[in-house]
Amino acid sequence: MKKIFSLLCAAIVAVTMNAATYNGNCGANAKWSLDTSTGVLTVSGSGAMYDKAAPSEWDWYQYRGNVKTIKFASGSSITYVGAYAFSQLANVSSIDLPNTVSSIGKYAFSGSGVKNVTLPTSVTAIGESAFNGCSSLYAVRIPSSVKTIGVGAFNFCYKLESVYNFATTPQTLTDDIFYDVNTENYKVFVPEQSLSAYSSAAYWKDAPLEAMPTCGDNLTWVFLDGSGLLIIDGTGAMYDYEGESDVPWKNIREDIKQVALPEGLTTIGENAFYECLTLNSITIPESVTTIGDYAFQSCEALSSITIPKTVTMLGHWVFLACISMTAIDVDAANPNYSSEDEVLFNKDKTNLIQYPIGNPRTTYTIPNTVKKIEEYAFYHGGALTSVTIPESVTTIESYAFNSCASLNSVTIPKSVTSIGMYVFDLCTSLTAIDVDAANPNYSSEDGVLFNKDKTMLIRCPAGNSRTDYSIPNTVTEIMEYAFDGCLALTSVTIPESVTTIDEGAFGYCYSLAEITNYATTPQSLGYWVFEEVDKANCILYVPAESVDLYKEADQWKEFDIKAINEGQGVEKVQGDQVPSTKVLRNGMLFIERNGKTYTMQGQQIQ
């Protein structure tokens, strides 16, 4: 029994030794720790790391086979990576230096397994042979901050393909830094305006130089394919682009996952990152003052954004259709913009600019400071089922709630005096639009939106389940897309009062099988009024004396046209197992059922 216990203890000790944590000092104010169970070597503290004369002098060298990741602890401010510090760490494939490191010592990463090196803009010096013998290294990004590069910095990097050097003035080299690299395929990209300078500079002139593409007068860019990182470097304003097909990274925009923007950038151009569908991370530096129209539109993977205090101008629809966006935050010190509950406003919150449409909340109450809901503010707000509009709001601009597929009801307060176009279009769950009776400009009846005197029918909610609808005989104009997408609608009655039916008014009413139209003269129709309606199998009832006119009228002539017979039932329909008859009397359609007469809305009149 004692022997078994001893063997068990030995097994426990062995497991403990195989998953140990080691630590020590690596600088006067710097420490290190290694967790062999995770392979993470963490450096923390501040200032310079020690220099060593060989890799084996570093305490972690004896555990080098366990090291997979080098991590600089959050809040640390290491300024110098010591000589040979991470040399021969063959299992480390990437490095992420903090933006406090200004210098990299000789042989610091030599012989390591790093594949892709992006140095922070804090680095000014790369030491002798710093990446010598990194046989897996294929791409290096050298920021414009680097002034000196030591001899042999990238020698014997056999797989090196791309070096991006953003310095406008070639660094002075005293010997080759690319000896015995991938000589057949590697390229060194430099700023376009500096190509001639590099072409005559010692040792640089022997490299296969190419001009780096530009995105501003003083801005260049590169894309690191392996990491999905788009890097922009330089100063000043980005160019504006007319559309996504004009941006210089148009052919790779769906591969861009991260964007690194430099301090010194002042303007993010129009359409700059439009439809970068996989872009999920970007930090806007505090040098930026302007973000152009559509700059991040349709960045479907972007989940959050922080607008710094320096941004004083946001273009139109900057974050439109960012379907994963859960939060838009604004620095409290910004003079022109603000945020509350992750929603973007102007500074005094009188304009609601953009709701983050990927936010999972289902209800939202607009602050009572808001006077205007801007264009596309809630466009495509998929999770929202209810939005409360306060009586402070006077203006709802076009498309404000367009395509809010889960929104099921909305109430327009008496304060709203202006509603733009297509505000509630494609709201496929919307069953009712109600208007405060005291509103001076708008009204509602049976959940349908009208102007105040009901001469204009503005919008029938697409999610309403009614199958038959009779338009009130006060209406003279059916507005654009008024019934668009009303999938349940099978029958509609148009009174003689209607003289104009605007574009797309009954588009995509797939179930529409019958229209009764009392106008003796065919109405003026906009474009595509009945788009996607099966007109050949939809009966159009019109006054008997007007049948020939409708058969000649554009769009109307495509229907199965029949005459309405005064005083006779148009058709028999079943309702509650009791036969019903539609009858025409004095130009109005009524329903007779069981000896009683009803309006088309179901109100008994006798």
Side-chain angles (χ1 to χ4, degrees), residues 192 212-223 229-302 304-325 328-331 334-337 339 344-346 351-357 374-377 379-380 397-400 402 420:
E192 186 175 28
M212 220 180 288
T214 62
C215 56
D217 289 344
N218 296 298
L219 292 168
T220 53
W221 66 276
V222 296
F223 179 64
L229 175 63
L230 176 70
I231 301 169
I232 296 174
D233 199 59
T235 59
M238 287 178 63
Y239 296 134
D240 287 327
Y241 301 100
E242 290 188 6
E244 70 276 13
S245 60
D246 298 317
V247 296
W249 40 81
K250 61 184 178 183
N251 294 327
I252 56 165
R253 72 178 190 276
E254 292 187 10
D255 300 317
I256 297 171
K257 294 179 174 62
Q258 302 175 68
V259 175
L261 301 176
E263 287 292 342
L265 176 70
T266 59
T267 298
I268 298 174
E270 293 180 8
N271 290 293
F273 304 108
Y274 180 93
E275 277 194 354
C276 288
L277 299 179
T278 59
L279 174 62
N280 58 57
S281 177
I282 188 167
T283 299
I284 301 172
E286 289 204 346
S287 54
V288 172
T289 61
T290 301
I291 302 177
D293 297 347
Y294 324 110
F296 296 98
Q297 183 174 330
S298 298
C299 290
E300 295 184 353
L302 194 61
S304 64
I305 196 86
T306 298
I307 299 170
K309 63 186 177 183
T310 53
V311 173
T312 56
M313 179 61 189
L314 284 172
H316 292 101
W317 313 310
V318 171
F319 305 110
L320 179 66
C322 293
I323 59 175
S324 298
M325 184 78 74
I328 304 171
D329 294 311
V330 181
D331 190 304
N334 190 296
N336 290 3
Y337 300 98
S339 59
L344 176 63
F345 301 87
N346 65 343
N351 290 6
L352 192 158
I353 299 171
Q354 181 68 61
Y355 181 88
I357 61 173
E374 293 197 1
E375 284 188 322
Y376 293 99
Y379 178 80
H380 222 298
E397 293 192 334
S398 297
Y399 298 94
N402 191 292

For this session: State whether the number of non-hydrogen atoms from other residues, nucleotides or ligands found under 6.0 Å of Glu263 atom CD is greater than 12.
Result: yes
Rounded to the nearest 0.5 Å, what separation is found between the [atom1] atom of [X] and the [atom2] atom of [Y]?
| X | Y | atom1 | atom2 | value |
| --- | --- | --- | --- | --- |
| Asp233 | Trp221 | CG | CH2 | 14.0 Å |
| Glu254 | Glu300 | CD | CD | 9.5 Å |
| Thr310 | Asn334 | OG1 | CG | 7.5 Å |
| Ile353 | Glu374 | CD1 | CD | 5.0 Å |
| Glu270 | Tyr294 | CD | OH | 7.5 Å |
| Glu286 | Leu265 | CD | CG | 13.0 Å |

Kindly say whether [Y] contributes a backbone atom to a donor-acceptor pair with the side chain of [X] at under 3.5 angstrom?
| X | Y | answer |
| --- | --- | --- |
| Thr289 | Val311 | no |
| Asp246 | Tyr241 | no |
| Glu192 | Met212 | no |

Please name the pair of heavy atoms, one in [X] and one in [Y], separated by the smallest distance, quoted to 0.1 Å.
| X | Y | value |
| --- | --- | --- |
| Gln258 | Asn280 | CG-OD1, 4.4 Å |
| Phe273 | Met238 | CZ-CE, 4.5 Å |
| Glu244 | Val247 | O-CG2, 3.2 Å |
| Leu219 | Ile232 | CD2-CG2, 4.2 Å |
| Ile282 | Leu302 | CG2-CD1, 4.2 Å |
| Asn336 | Thr312 | ND2-O, 2.7 Å |

Exercise. Out of Leu314, Val318, Asn351, Asp329, which one pairs with Leu344 under the side chain to side chain contact (heavy atoms under 4.5 Å, CB included) rule?
Worked result: Leu314
Problem set entry | Sole residue of Thr283, Leu230, Ile268 in side chain to side chain contact (heavy atoms under 4.5 Å, CB included) with Leu261 | Ile268
Exercise. Can Asp217 and Tyr239 be counted as having a side-chain donor-acceptor contact under 3.5 angstrom?
Worked result: yes
For this session: Begin with the C-alpha distance, continue with both residues' side-chain angles, and end with the deciding distance and a verdict on side-chain contact (heavy atoms from CB on, under 4.5 Å) for Phe296 and Val259.
Result: CA-CA 12 Å; Phe296 296 98; Val259 175; over 6 Å; no
Exercise. Do Phe319 and Ile307 have side chains that get closer than 4.5 Å, going by heavy atoms?
Worked result: yes
Exercise. Side chains of Pro308 and Ile284: closer than 4.5 Å at any heavy-atom pair?
Worked result: yes
For this session: Take Trp249 and Phe223 through the test side-chain contact (heavy atoms from CB on, under 4.5 Å) and record every step on the way to the result.
Result: CA-CA 8 Å; Trp249 40 81; Phe223 179 64; over 6 Å; no
Exercise. How far apart are the C-alpha atoms of Cys299 and Leu279, what are their side-chain angles, what is the distance that settles it, and do they pass the side-chain contact (heavy atoms from CB on, under 4.5 Å) test?
Worked result: CA-CA 6 Å; Cys299 290; Leu279 174 62; 4.1 Å; yes
Exercise. What's the verdict on side-chain contact (heavy atoms from CB on, under 4.5 Å) for Asp331 and Thr306, showing C-alpha distance, side-chain angles and the deciding distance?
Worked result: CA-CA 7 Å; Asp331 190 304; Thr306 298; 5.8 Å; no
